[in-house]
**Q** 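Take a look at the following structure, please.
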Amino acid sequence: MLLRNPAVGRLVAEGFPLFMQHLSGTKGVDTDTSREMIADVSHNGGRDVFLVSADYDGDRRKVYLKFYDPRTEEIRLWYDDTGHLPYCYSREPKEKLMRNPHIKGNKSVLRLEKERKIDALRDKKIWVTKISATDPLAIGGTGFSLREKIDVWEADIKYYVNYLFDRDLQVGRAYKLIDGKITGSTIYIDQHLQQIASDAMQDMNEDEKAAFNQWVEILAADIPSFRRVAFDLEIYTEERNRIPMATHASDPIVSVSFCGSDGLRTVLLYDREGDIEKDQFHGTEFDVEIFRDEKKLVTSALEILRRYPFVVTFNGDSFDLPYFYRRCINLGIPRKQLPFKIGRRDARIEWGVHIDLYRFFFNRSIKGYAFGDKYDVISLNEISENLLGRGKIILDDHLSAVGPRLLVEYSFRDSELTYELTSFGEDLVMRLITTIARVSNMTLDDVCRLSVLNWIKNRVIQVHRNRGYLVPLKEEIKRKGGQRYTKPVTKGKKYVGAIVVKPEVGVHFDVCVVDFSSLYPSIMKEYNISYESVNCPHKECRGTTVPGTGHWVCTLKRGMVSELVGNIRDVRVKVFKHMARSEALDDETREFYNVIQQALKVVLNASYGVFGSEQFPFYYLPAAESVTMYGRHVIQDTLAHCEAQGMKVIYGDTDSLFLQRPEEEQIADLAEWVEKNHRLDLEIDKIYRYVAFSSRKKNYFGVTESGTVDVKGLVGKKKNTPQLIRAAFRRVLDRLREVQTVDDFEEARKDVQGMVREAEEKILRGDFEKEELAISTTLGKALAAYTKTTPQHVKVARLLEREENRHVVAGERMIYLKTTTKPGVKPVEYCNKEEIDVPKYVELLRSTFEQLLDAIGLTLEREAPQYSSLESFM
DNA sequence: GCGGACTGCTTACCT
DNA sequence: ACAGGTAAGCAGTCCGCG
């Protein structure tokens with residue numbers, strides 16, 4: 001049966017069997033509108049709709065799917081009509097289970113069925129018993145669930161997730177809803193892309209082609225534009241420093257602002273005192289609606305929200321939505337008129353998808369790989385300043401004390417920024433979320449709330465289901481054994497990672513950087529790394545050992561994770577990277593493919609690491625260790641080969657080698673050699689006009705042929721280095737950028753020396769604002785958690801709490817100065833310029849530049865610059 | 001009591 | 001809540017020192 005979006009029409013239950021209507025109660029069921037619904041189906045049934053989400057309806061005891069229709073811009077809800085039930089597995093035979101007291105008298109258990117599965121760890125067919133139950137809570141989630149009573153498998157997969165897997169539904173894919181059935185819609189793919197894809201498939205066998213094609217179809221399909229609204233609440237609080245609590249919602253909502261993809265720009269304002277005049281809002285870039293009654297305001301806000309299939313917030317999971325929900329209840333609105341699902345950690349909307357951008361931007365993979373660590377504090381202000389170039393409105397006073405005009409401006413700006421965070425760069429964030437949903441086959445709601453580990457886990461479980469494997473328990477994988485062979489170099493780590501080649505100190509001209517493209521994912525693909533394929537049960541595979549370990553790798557069957565990672569890697573490298581660079585496409589189209597390519601990279605980059613994370617249900621150290629072992633093996637072997645061929649390797653890190661003036665032909669031969677001997681791709685990453693290394697690893701700068709400067713790891717770049725020092729550092733690099741030849745260096749060294757001196761004198765003279773010397777350090781954890789030592793930024797934080805009555809939380813940055821007075825540090829705003837410990841800063845400046853000066857052969861103390869014998873590096 | 005050698009903690013970076 | 005490797009600064013500890 002097809003149910004229309006309640007936001008638009010009313011819930012309709014066409015064709016509901018009678019007993020089901022009974023079960024589902026009265027909620028939303030309205031037979032009067034069913035005729036309207038039928039008309040709707042015949043008229044619109046053949047249209048493409050995108051699967052975006054799914055959930056479980058506890059009243060109806062059914063899974064329902066959320067399809068987005070880009071033409072009407074509505075969500076269509078689809079309730080299960082197949083009688084699918086929640087279930088889990090037991091390895092006990094059916095007959096024995098039937099005698100088990102937890103099964104026998106259990107009213108929730110509906111069916112026991114024998115089923116054939118494959119035991120992944122033993123690679124054997126086994127019989128299991130599928131236990132079907134009336135509702136998901138019978139399986140897991142309460143203290144009385146089966147999961148707590150007997151040994152069961154696959155009991156912690158969420159029910160709607162199981163449903164998507166079992167019905168072979170693909171999130172983000174286009175479907176048609178015709179005659180009460182979900183059918184996959186034909187996917188049209190750009191011709192150019194089709195050509196590239198079919199070229200890539202040339203050498204594949206039929207199975208590989210099928211898998212490859214499927215991934216291309218999933219990922220290349222159009223992404224619709226999502227109709228959405230961003231919203232934001234403001235609360236009136238009597239006391240100044242009280243943070244309103246979502247669990248009580250005891251303070252009134254004074255404003256609700258909306259910014260929609262359809263151009264909606266509105267603030268609903270609550271006029272508590274009855275003294276607000278409409279004409280105060282002339283000239284605003286949004287509408288203001290004034291309410292004398294808070295209940296009318298929230299009712300109106302709810303109506304607006306429900307017009308949109310996607311609701312976007314910043315922190316709506318833990319604040320805006322739960323507060324709004326509670327407040328509505330406090331104001332006497334019946335619960336059943338409030339289609340929210342407010343959980344302990346998240347807030348969902350029944351009529352569509354709620355995207356909480358706080359959760360999304362908090363994600364470390366998103367922050368790092370998708371946005372290059374451009375923001376570090378997860379706040380609306382910080383993120384929008386860094387990604388949009390515009391931040392929140394700064395208030396001088398407490399929000400509850402400002403006048404209505406400023407209040408609405410402030411409020412609207414918040415929802416405007418929230419909306420723009422989803423719209424900038426041609427809806428970059430929406431595309432990213434959709435692409436990750438496609439890769440992980442996870443609902444959009446879950447994608448933006450969960451980590452990369454969960455994205456991968458979800459898809460890996462689906463591979464199990466498709467291949468007929470029973471998902472093993474964590475303990476089973478742990479018990480499988482295969483001890484660790486390497487002892488970690490670093491304390492607190494579990495195994496050995498990558499190699500860093502010691503750099504050759506000095507300046508090197510004409511350096512070619514080669515790297516192994518996606519080294520670890522490629523290793524996983526080529527060397528068949530998965531939790532079940534490393535140390536597999538077959539005797540005949542034992543000879544295929546991972547070099548330097550006692551681990552062996554399966555030669556009979558393709559490991560599940562190896563296959564998955566291989567497919568994603570191939571489709572990224574062979575299709576989407578090409579498309580993102582294709583000259584035949586316009587900028588916008590290239591950017592579309594670039595987002596896909598980037599999203600795949602995020603997932604690939606984490607695919608090895610998850611094997612070393614205890615949170616991962618397929619955690620298996622021998623798999624992680626084998627990947628890095630192969631990695632070290634490959635790079636060392638390649639390095640040796642380079643030297644044997646007369647090439648000089650001056651540096652290397654994990655998957656890269658810096659080669660000094662290699663011949664073009666040598667590089668081509670090298671790539672061929674790598675392909676032949678290690679089955680991996682080696683490519684030229686970049687060419688530096690020159691690179692300068694100090695003796696430190698992960699610490700250099702290089703100037704490319706086009707004149708851009710790469711700075712890696714140097715303290716002068718780090719964000720906790722004082723501004724004044726960073727600025728001097730930048731000036732120096734700008735000067736070094738101009739160096740073209742060895743001879744240019746003489747002049748450059750003199751200039752650099754002068755620039756450092758100048759900065760030093762500036763500090764000594766006191767020719768600076770105190771803010772320029774401020775050090776800012778992130779408070780990595782809650783204040784109370786610093787029990788071993790008291791670092792300087794913690795001293796500052798404690799001082800703020802003690803003396804300024806401020807509350808400091810993890811993730812905040814402490815901004816302070818080093819002083820000659822008492823504890824040696826002081827928050828910048830309470831520090832006098834006279835207290836500043838000048839010699840300390842001179843020392844800091846010197847040590848910052850030391851890294852750079854070491855590299856270019858300069859020593860500060862001397863009058864005349866000391867030259868390094870450049871010739872020796874040529 | 002004080003300073004140097006050392007270890008450990010913490011942050012920020014690289015791949 | 002993907003991993004390990006590296007640099008740097010400071011906090012804290014131990015030891016020698018008539």
Side-chain angles (χ1 to χ4, degrees), chain A residues 362-369 372-373 376 449-457 486-503 513 515-521 524 561 565 601-621 623-625 627-629 631-632 635 651-657 685 694-700 710-721 775-781 785-795 810-811 813-814 818 823-825 840 843-844 847-848 850-851 854:
Chain A
F362 189 84
N363 188 305
R364 283 200 1 230
S365 307
I366 293 299
K367 179 168 173 280
Y369 290 106
D373 284 308
D376 42 40
R449 286 175 177 79
L450 301 173
S451 68
V452 62
L453 185 149
N454 290 285
W455 304 339
I456 294 171
K457 162 188 158 185
T486 57
K487 265 225 197 78
V489 202
T490 325
K491 254 191 82 185
K493 302 293 182 187
K494 289 170 285 194
Y495 58 94
V496 183
I499 281 178
V500 186
V501 181
K502 242 190 126 208
V513 183
D515 70 358
F516 295 92
S517 30
S518 1
L519 180 65
Y520 288 170
M524 293 174 76
V561 183
V565 170
K601 190 178 168 189
V602 170
V603 174
L604 285 172
N605 274 332
S607 61
Y608 128 80
V610 292
F611 276 126
S613 164
E614 274 154 274
Q615 320 301 316
F616 190 52
F618 307 99
Y619 171 66
Y620 190 52
L621 280 187
E625 186 185 43
V627 174
T628 57
M629 183 54 101
R632 292 192 301 277
I635 199 151
Y651 180 63
D653 186 348
T654 313
D655 59 356
S656 68
L657 292 171
D685 177 29
S694 66
S695 59
R696 302 157 185 87
K697 293 171 174 180
K698 298 181 188 282
N699 203 284
Y700 63 89
D710 278 351
V711 183
K712 301 290 177 182
L714 303 183
V715 172
K717 182 193 184 180
K718 298 197 176 184
K719 55 185 172 218
N720 53 0
T721 301
I775 296 169
S776 86
T777 310
T778 310
L779 199 65
K781 47 191 183 184
Y786 292 90
T787 52
K788 320 252 164 138
T789 57
T790 312
Q792 300 194 321
H793 64 294
V794 176
K795 285 196 179 103
R813 296 186 80 88
M814 296 298 113
K818 289 173 182 286
V825 285
K840 271 252 166 65
E843 201 36 60
L844 198 61
S847 70
T848 301
E850 201 168 81
Q851 298 181 333
D854 277 358

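In what follows, chains are A, B, ... by sequence order, proteins preceding strands, each numbered from 1. All values below come from the heavy atoms of this structure, side chains included, with hydrogens, waters and symmetry mates left out.
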**Q** Who pairs with A:Q851 by side-chain contact (heavy atoms from CB on, under 4.5 Å), at least two apart in sequence or on another chain?
**A** A:R696, A:N699, A:L714, A:V715
**Q** What protein N or O atoms touch nucleotides 5-8 of chain C N or O atoms at under 3.5 angstrom, if any, and at what distances?
**A**
unit_1	atom_1	unit_2	atom_2	d
C:dG5	OP1	A:G497	N	2.9
C:dG5	OP2	A:T490	OG1	2.4
C:dT6	OP1	A:K697	NZ	3.0
C:dA7	OP1	A:K697	N	3.1
C:dA8	OP1	A:R696	NE	2.5
C:dA8	OP1	A:Q851	NE2	2.8
C:dA8	OP2	A:R696	NE	3.4

**Q** Could you tell me which residues satisfy salt bridge (Lys or Arg N to Asp or Glu O under 4.0 Å) with A:K719, sequence neighbours excluded, listed by chain and number?
**A** A:D376
**Q** List the residues meeting side-chain contact (heavy atoms from CB on, under 4.5 Å) with A:K840, not counting sequence neighbours, and say none if there are none.
**A** A:K818, A:D837
**Q** Taking only residues two or more places apart in sequence, or in another chain, which ones meet A:R364 in a salt bridge (Lys or Arg N to Asp or Glu O under 4.0 Å)?
**A** none
**Q** Applying a 4.0 Å non-hydrogen cut-off, can you work out what A:F618 is touching in the nucleic acid: base, sugar-phosphate, or nothing?
**A** nothing
**Q** Taking any heavy-atom pair under 4.0 Å as a contact, classify A:Q615: base, sugar-phosphate, or nothing.
**A** base
**Q** Expressed as a whole number of angstroms, how long is the span from A:R813:CZ to B:dT11:C1'?
**A** 10 Å
**Q** Under 4.0 Å, heavy atoms only, any strand: does A:V602 hit a base, just the sugar-phosphate, or nothing?
**A** nothing
**Q** Please list, for nucleotides 1-5 of chain B, all pairs of protein and nucleotide N/O atoms separated by less than 3.5 Å.
**A**
none

**Q** Please list, for nucleotides 6-10 of chain B, all pairs of protein and nucleotide N/O atoms separated by less than 3.5 Å.
**A**
unit_1	atom_1	unit_2	atom_2	d
B:dT10	OP1	A:K781	NZ	3.2
B:dT10	OP2	A:K781	NZ	3.4

**Q** Mind listing the closest non-hydrogen atom pair of A:S776 and A:N720 along with its distance?
**A** O-CB, 2.9 Å
**Q** Among all residues two or more places apart in sequence or in another chain, which pass the salt bridge (Lys or Arg N to Asp or Glu O under 4.0 Å) test with A:D710?
**A** A:K686
**Q** Would you name the heavy atoms of A:V496 and A:P488 that are closest together and state the gap between them?
**A** CG2-CA, 4.0 Å
**Q** Could I get the full list of side-chain hydrogen bond (donor to acceptor under 3.5 Å, both in side chains) partners for A:N454, not counting sequence neighbours?
**A** A:S451
**Q** Output the single nucleotide from B:dT15, B:dC13, C:dG4 whose closest atom is nearest the side chain of A:Y608.
**A** C:dG4
**Q** Are any of A:K818's side-chain N or O atoms less than 4.0 Å away from OP1 or OP2 of C:dC10?
**A** yes
**Q** Just compare B:dC14, C:dA11, C:dC2 and give me whichever is closest to any side-chain atom of A:D653.
**A** B:dC14
**Q** Measuring from the side chain of A:S451 (C-beta onward, heavy atoms only), which nucleotide among C:dC2, C:dG4, B:dT15 has the closest atom?
**A** C:dC2
**Q** Please report the distance, rounded to the nearest Å, between CZ in A:R364 and P in B:dT11.
**A** 13 Å
**Q** Within less than 4.0 Å of OP1 or OP2 of B:dA12, is there a side-chain N or O belonging to A:T777?
**A** no
**Q** Listed by chain and number, what are the side-chain contact (heavy atoms from CB on, under 4.5 Å) partners of A:S695, not counting sequence neighbours?
**A** A:V505
**Q** Can you name the salt bridge (Lys or Arg N to Asp or Glu O under 4.0 Å) partners of A:K795, sequence neighbours left out?
**A** none
**Q** Find the distance A:K601:NZ to C:dC2:P and express it as a whole number of Å.
**A** 18 Å
**Q** Mind checking what makes side-chain contact (heavy atoms from CB on, under 4.5 Å) contact with A:T490, not counting sequence neighbours?
**A** A:K493
**Q** When you measure from the side-chain N and O atoms of A:K795 to the phosphate of C:dC10, is any distance below 4.0 Å, counting only OP1 and OP2?
**A** no
**Q** Within this structure, what is the CZ-to-C1' distance between A:F516 and B:dT15, rounded to whole angstrom?
**A** 13 Å
**Q** Just the rounded figure in Å: distance from C1' of B:dC13 to OH of A:Y369.
**A** 13 Å
**Q** Taking all heavy atoms of A:K494 and all of A:Y619, pick out the closest pair and write down the distance.
**A** CD-OH, 3.7 Å
**Q** Just how far, in rounded Å, is P of B:dC14 from CG of A:D373?
**A** 9 Å
**Q** For A:K367 and C:dA1, what is the distance between atoms NZ and C1' respectively, to the nearest whole Å?
**A** 14 Å
**Q** Let me know the distance between CG of A:L844 and C1' of C:dC10, rounded to the nearest Å.
**A** 12 Å
